[in-house]
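Structure record follows, encoded as structure tokens.
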Amino acid sequence: MRNQIRDEIESGQAKTIVTRFPPEPNGFLHIGHAKSIWVNFGLAEQFGGRCHLRFDDTNPAKEEQAYIDAIQEDIRWLGYEWSGAVRFASDYFDQLYAWAQHLVREGKAYVDDLSPEEIREYRGTLTEPGRPSPYRDRSVDENLDLLERMRLGEFDEGAKVLRARIDMAAPNINLRDPILYRIRHAHHHQTGDAWKIYPSYDFTHGQSDAIEGITHSLCTLEFEDHRPLYEWFLDQLPVPSRPRQTEFARMNVNYTVTSKRKLKLLVDQNVVDGWDDPRMPTISGLRRRGYTPASLRKFCDMTGVSRAANVVDIAMLHFAIRSDLEDNAPRAMCVLDPLKVVLTNVPADHDEAFEVPGHPAREDMGMRRLPFTREIWIDRDDFMEEPPKKFFRLAPGKEVRLRNGYVIRCDEVIKGGGGEIEALHCSVDFDTLGKNPEGRKVKGVIHWVSAEHGVPVEVRLYDNLFLDEAPDRDKDADFLEHLNPESLIVVEGIAEPALAKVEPEARYQFERVGYFCADRHACRDGKLVFNRTVGLKDSWAKIQKKQS
RNA sequence: UGGGGUAUCGCCAAGUGGUAAGGCACUGGUUUCUGGUACCAGCAUUCCCAGGUUCGAAUCCUGGUACCCCAGCCA
């Protein structure tokens, strides 16, 4: 597609390119829309053209102002700005109506009194041609009069429609006298009660493109069958420009669903915490999860555009955000499953602090203070009483380095009455700060937090919402059966004190654990809530799996 | 059984008659105060199948096969 446009530009066939992103304001944008946004805005940007935002608002029954606002916020957050004002298909209702009258005068459209059921019957099937409606040959004057009275609201919803007169026997069902206008006595979020009839998608989209001077009307494959109709209208009507429709395959991601119906169901049944729940594949959900605009754009770039059916591995999305945050997220230490460690050769009043870099490779991120005291927390995962081979962490009699600090040795395991491990007694080798110990190698490094200075944090460990990589594989089997019961696990952790004053949406790498983002709703009034965006790669987990 | 599409590595995806890019994943290894990162190496004698044209075919031709979309007064 990029090549096609480049050729057009280089051959002088096209001087500039104008695209548009045309969402219907009836739901939240999701990862699939991000792809479309990236394609439309990105192409325009690349070729020095423009991209419009146009709400395709021809169905007042399903649309809401709230969606209009949310969609604009999502697009801007992704880093794009549309050319000119926000546009609406409803801006063109007057022109569209005039063009409908034009078609009627030309004998190319008629008012049909058939009921919805009759229209379906008359349309025929995939293999049988349709039959003409008995109202197909009304006079121009009668059609004009009826159409005007439809507009004025003289008829009930469903009583009449305006149809194009094309070919009831066309092998392409879209050409069997498609519906141009239907009666809807509904309040419209933009035009109020001015209209009692609303144009269909087919009668609106191409002409809106033409009015705006769109050169490339990019859409998904399911509209390919509509292209002949798109062109038919442009041929019949005195439109000011000639846009061209090009289709590409929509993007799917495994372990997710993106149909608006299913997403809405998840929200309505409180399976998730709203449209922006961090497990939702919506743009606002991904944002709250901690994805960056750049990572989403990179993901789109990595996956590309083609016409083949595709299901992108969610591992690619994970890669996109990890590689962004690896470079751009400051580091911090946070213990998720605390185990107390008493450093027996450190005095109780010892209060040392290390100055450590905010990021191992980004000097511009400065330094942070890491207090070190007699009692610290480590993660339970980092200790094993009977360690298997290749376990480089702490174990009785073994040494490990405290990240950014000293090497310690585990001298004693303190157990409670039930045999559960309550604490560890360890001793510090004070000759190991910033240097390796003499005569031996300590391979393991673990993260830790001063018990005295650490701050409590709520950590929300998110995972895929579904266990099956194709949750909606079965046509109508319930996709909710594939829900992951562990898609959210909330733990109380302890973080280093530098995290005490984070801003909502601040992103960190919790060293050795993963990337986390301060929740933009819950992180208020001093409360600290972090969402796990994605874990770090864990090759120890792989080794363990192999060993067992 | 009508019309419109698509088939290249486990997943994306370049390639448009000159002898199969790249990314993700995976597998080894090096470096490392993150079992992270980085770096190095490996990973399609073959492009849905079968014929054909050609000096030469993923690319052209013929015939198959599989999968996706279309019968809303949704978009």
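To find a chain, count down the sequence lines: A is the first, B the second, and so on, and within it residues start at 1.
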Assess whether side-chain hydrogen bond (donor to acceptor under 3.5 Å, both in side chains) is satisfied between A:Glu326 and A:Ser323, documenting all intermediate values.
CA-CA 5 Å; A:Glu326 159 64 24; A:Ser323 65; over 6 Å; no
Please report, rounded to the nearest Å, how far the C1' atom of B:rG22 is from the CG atom of A:Asp301.
11 Å
Which residue lies more 5' along RNA chain B, comparing A:Lys537 with A:Leu402 via nearest heavy atoms
A:Leu402
In terms of ring plane angle, is the pair A:Phe510 and A:Phe516 parallel, tilted or perpendicular, where the classes change at 30° and 60°?
parallel
B:rU1 - base-pair partner by Watson-Crick or wobble geometry, distances under 3.5 Å:
none
With a cut-off of less than 4.0 Å, is there a side-chain N or O of A:Ser323 near OP1 or OP2 of B:rU37?
no
Checking N1-N3 plus N6-O4 or O6-N4 for Watson-Crick, or N1-O2 and O6-N3 for wobble, each under 3.5 Å, the partner of B:rA25 is none
Give one of base, sugar-phosphate or nothing for A:Gly434, where a contact means two heavy atoms less than 4.0 Å apart.
base
Taking only the P atom of each, what is the distance from B:rC40 to B:rG5 in whole angstrom?
44 Å
Measure from the side chain of A:Leu433, starting at C-beta and using heavy atoms only, and say which of B:rC24, B:rC33, B:rG36 lies closest.
B:rC33
Taking atom C1' in both B:rG18 and B:rA57, compute the distance separating them and give it to the nearest angstrom.
10 Å
Is A:Ile446 touching bases, backbone alone, or none of the nucleic acid, heavy atoms closer than 4.0 Å?
nothing
Got a donor-acceptor pair under 3.5 Å from the side chain of A:Gln509 to the base of B:rU34?
yes
May I have the distance from A:Asn252 (atom CG) to B:rU6 (atom P), rounded to whole angstrom?
17 Å
Is there a side-chain hydrogen bond (donor to acceptor under 3.5 Å, both in side chains) between A:His205 and A:Arg20? Walk through the geometry before answering.
CA-CA 11 Å; A:His205 206 95; A:Arg20 101 270 89 116; 2.6 Å; yes
Nearest of B:rU6, B:rC24, B:rC33 to any side-chain atom of A:Ala308?
B:rU6
Please work out if A:Lys546 contacts a base, only the sugar-phosphate, or nothing of the nucleic acid, heavy-atom cut-off 4.0 Å.
sugar-phosphate
Sort out for me which residue in A:Leu114, A:Asp113, A:Leu147 forms a side chain to side chain contact (heavy atoms under 4.5 Å, CB included) with A:Lys160.
A:Asp113
Kindly indicate, with the supporting measurements, whether the criterion ring-ring contact (aromatic ring centres under 6.0 Å, His included) is fulfilled by A:Trp540 and A:Phe392.
CA-CA 10 Å; A:Trp540 169 239; A:Phe392 304 141; 7.2 Å; no
Quote, to the nearest angstrom, the P distance that separates B:rU6 from B:rG15.
15 Å
If you look at every strand shown and take non-hydrogen atoms under 4.0 Å, does A:Arg401 touch a base, only sugar-phosphate, or nothing?
base
Mind checking the P distance from B:rA20 to B:rG36? Whole angstroms is fine.
35 Å
Check every atom of B:rG36, B:rC12, B:rU32 against the side chain of A:Lys443 and return the nucleotide holding the closest atom.
B:rU32
Regarding A:Val513, tell me which of base, sugar-phosphate or nothing describes its non-hydrogen contacts under 4.0 Å with the strands shown.
nothing
What integer distance in Å separates A:Leu536:CG from B:rA38:P?
11 Å
Give me the one residue out of A:Phe383, A:Phe372, A:Trp377 that meets ring pair (Phe, Tyr, Trp, His ring centres under 6.0 Å) with A:Trp448.
A:Phe372
Among B:rG35, B:rG36, B:rU6, which nucleotide has an atom closest to any side-chain atom of A:Arg393?
B:rG35
So, under a plain 3.5 Å distance rule, would you say the side chain of A:Glu511 forms a donor-acceptor pair with the base of B:rG36?
no
Nucleotide B:rG36, atom C1' - distance to CG of A:Asp381 in whole Å
16 Å
Parallel, tilted or perpendicular: which fits the ring planes of A:Tyr67 and A:Trp275, with parallel below 30° and perpendicular above 60°?
perpendicular
Lys NZ or Arg CZ of A:Arg131 over A:Tyr122 ring: under 6.0 Å, within 45°
yes
In terms of side-chain heavy atoms of A:Arg512, which of B:rU34, B:rA25, B:rA13 is nearest?
B:rU34
Contact class for A:Phe391 (heavy atom, under 4.0 Å): base, sugar-phosphate, or nothing?
base
Side-chain N or O of A:Lys542 less than 4.0 angstrom from OP1 or OP2 on B:rU27?
yes
Do A:Arg151's NZ or CZ and the ring of A:Tyr97 fall within the cation-pi criteria of under 6.0 Å and 45°?
yes
Spacing of the P atoms in B:rG51 and B:rU59 (rounded, Å)
14 Å
Go along nucleotides 68-75 of chain B 5' to 3' and tag each nucleotide: B for a protein heavy atom under 4.0 Å from its base, S when only backbone or sugar atoms are that close, - otherwise.
-BBBSBSB
How about A:Lys264 and A:Ser259: does a side-chain donor come under 3.5 Å of a side-chain acceptor?
no
Nucleotide forming a Watson-Crick or wobble pair with B:rU6, both distances under 3.5 Å:
B:rA66
Within the 4.0 Å heavy-atom criterion, would you say A:Gly444 contacts the bases, only the backbone, or no part of the nucleic acid?
nothing
Measure CE/A:Met316 against P/B:rC26 and give the value in whole Å, please.
13 Å
Between B:rG35 (C1') and A:Ile543 (CD1): distance, integer Å:
6 Å
Closest to the A:Ser306 side chain: B:rG35, B:rA13, B:rC12?
B:rA13
Whole-angstrom distance between B:rC48 and B:rC39, as gauged at atom C1':
38 Å
Please classify the nucleic acid contact of A:Pro228 as base, sugar-phosphate, or nothing, using heavy-atom distances under 4.0 Å.
nothing
Are a donor atom and an acceptor atom from the side chains of A:Tyr230 and A:Gln245 found within less than 3.5 Å of each other?
no
Syn/anti state of B:rG72 by chi, 90° boundary around 0
syn
Rounding to an integer number of Å, can you tell me how far A:Arg322 CZ sits from B:rU34 C1'?
14 Å
Roughly how many Å apart are B:rA58 and B:rG28, using the P atom of each and rounding to a whole number?
34 Å
What nucleotide, of B:rC12, B:rG35, B:rU6, holds the atom closest to the side chain of A:Trp540?
B:rG35
Taking the P atom in each of B:rU65 and B:rC49, what is the distance between them to the nearest angstrom?
15 Å
Euclidean distance, atom CG of residue A:Asp382 to atom P of B:rG36 [Å, nearest integer]:
14 Å
